[in-house]
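Throughout, residue positions are numbered sequentially from 1 according to the sequence presented. When a ligand or atom number is given, it counts from 1 through the structure's own listing order. No hydrogens, no waters, no symmetry mates; every other heavy atom, side chains included, goes into these values.
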Amino acid sequence: MTEQQIADNFEKVRTEIAEAEQKSGRAAGSVRLCAVSKFHPAQDVIAAMHAGQVLFGENRVQEAYDKFGLVREAVQTQPQLHIIGSLQTNKVKKAVSISSCIQSVDREPLLAEIERQCARIGKTIEIFFEIHTGEDTKSGYTDTDELFASAEHCASGMYPHIVPRGLMTMAPFTREEKPVREAFSSVRKLKEELGVRFPSLRIQELSMGMSQDFAIAVEEGSTMVRIGTALFGERPAAL
Ligand SMILES: *Cc1c(COP(=O)(O)O)cnc(C)c1O
């Protein structure tokens, strides 16, 4: 993709997000765009930054580490990076060093390791709990009791370097609208329930919606859409 094509794609996607906000009676600017640059080169991230984008999402820690090392040398305003892919415990140290938020927290032991690595370097990090809704991925909490236990541990001060900010999900990968909408609305309800049970936590973000389903996600209350293909084109290899 040329820099111009990437700029045009950002323009188009931002317009579509604004239209979805308007259609569903949401305030203009209430949905943030996380640009998913996985499998695309540093050059494309830099082009996106020239088009005004600051927030990026990456799946793989090593890839993100190498790529954003290059990006940070090439730009003045620094990008913000969220880790969105399933995270192995042995990658947490590096993930914590390069990102401001880990959106893919899907099990208690990951919280413990994130806490340990953040404490070591004196960093506080935001996290989202990932909720399993689609059959296409294995990641995400499947058991609400387990999710509530993790939230309770955060609320009780067990992880002082971790700030839970929201929930993230990947909807089922289908052209049918109904299961996708239901997945998003179930996660919104879960967020409301967490708000009631754990008012001291500020779990306000809903990271939902990708290239093919973000308009539905916005209608269902998403506050952050994670978009790759519609911005950067098809990825060079399947995931
Ligand atoms: C790849 C990926 C995205 C972006 O998907 P597109 O369909 O390319 O927009 C969003 N979220 C997660 C967790 C991903 O892995």
For atom 2 (C) of ligand 1, state which one of H82, K38, M210, R226 supplies the nearest heavy atom.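 Result: the heavy atom closest to atom 2 (C) of ligand 1 is in K38.
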Heavy-atom nearest neighbour of atom 13 (C) of ligand 1 within options T169, V225, I84: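 Answer by nearest heavy atom: I84.
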Check this for me - ligand 1, I227, N or O atoms closer than 3.5 angstrom, yes or no?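 Looking only at distances, the answer is no, because the N/O contact criterion of under 3.5 Å is not met.
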Should Q212 be counted as touching ligand 1, given the test is an N or O pair under 3.5 Å?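 Looking only at distances, the answer is no, because the N/O contact criterion of under 3.5 Å is not met.
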Using a 4.0 Å cut-off to any heavy atom of [X], which atoms of ligand 1 qualify?
X    : value
T229 : 6 (P), 7 (O), 8 (O), 9 (O)
G228 : 4 (C), 6 (P), 8 (O), 9 (O)
N59  : 14 (C), 15 (O)

Measuring from non-hydrogen atoms of Q103 to any atom of ligand 1, is the shortest distance under 4.0 Å?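 Checking ligand 1 against Q103, which is what was asked, there is no heavy-atom contact under 4.0 Å.
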Measuring from atom CG of L190 to atom CG of L167, what distance do you get when rounded to the nearest 0.5 angstrom?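 One gets 5.5 Å once the value is rounded to the nearest 0.5 Å.
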Does the side chain of [X] reach to within under 4.5 Å of the side chain of [Y], using non-hydrogen atoms?
X    : Y    : answer
V163 : I125 : no
F56  : Q80  : no
L111 : I162 : yes

May I ask you to say whether K23 pairs ionically with E219, meaning some side-chain N is under 4.0 Å from a carboxylate O?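 Result for this pair is yes, salt bridge flagged.
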Side-chain donor-acceptor pair present, N9, Q5, cut-off under 3.5 Å: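 Note: N9 and Q5 side chains miss the donor-acceptor criterion.
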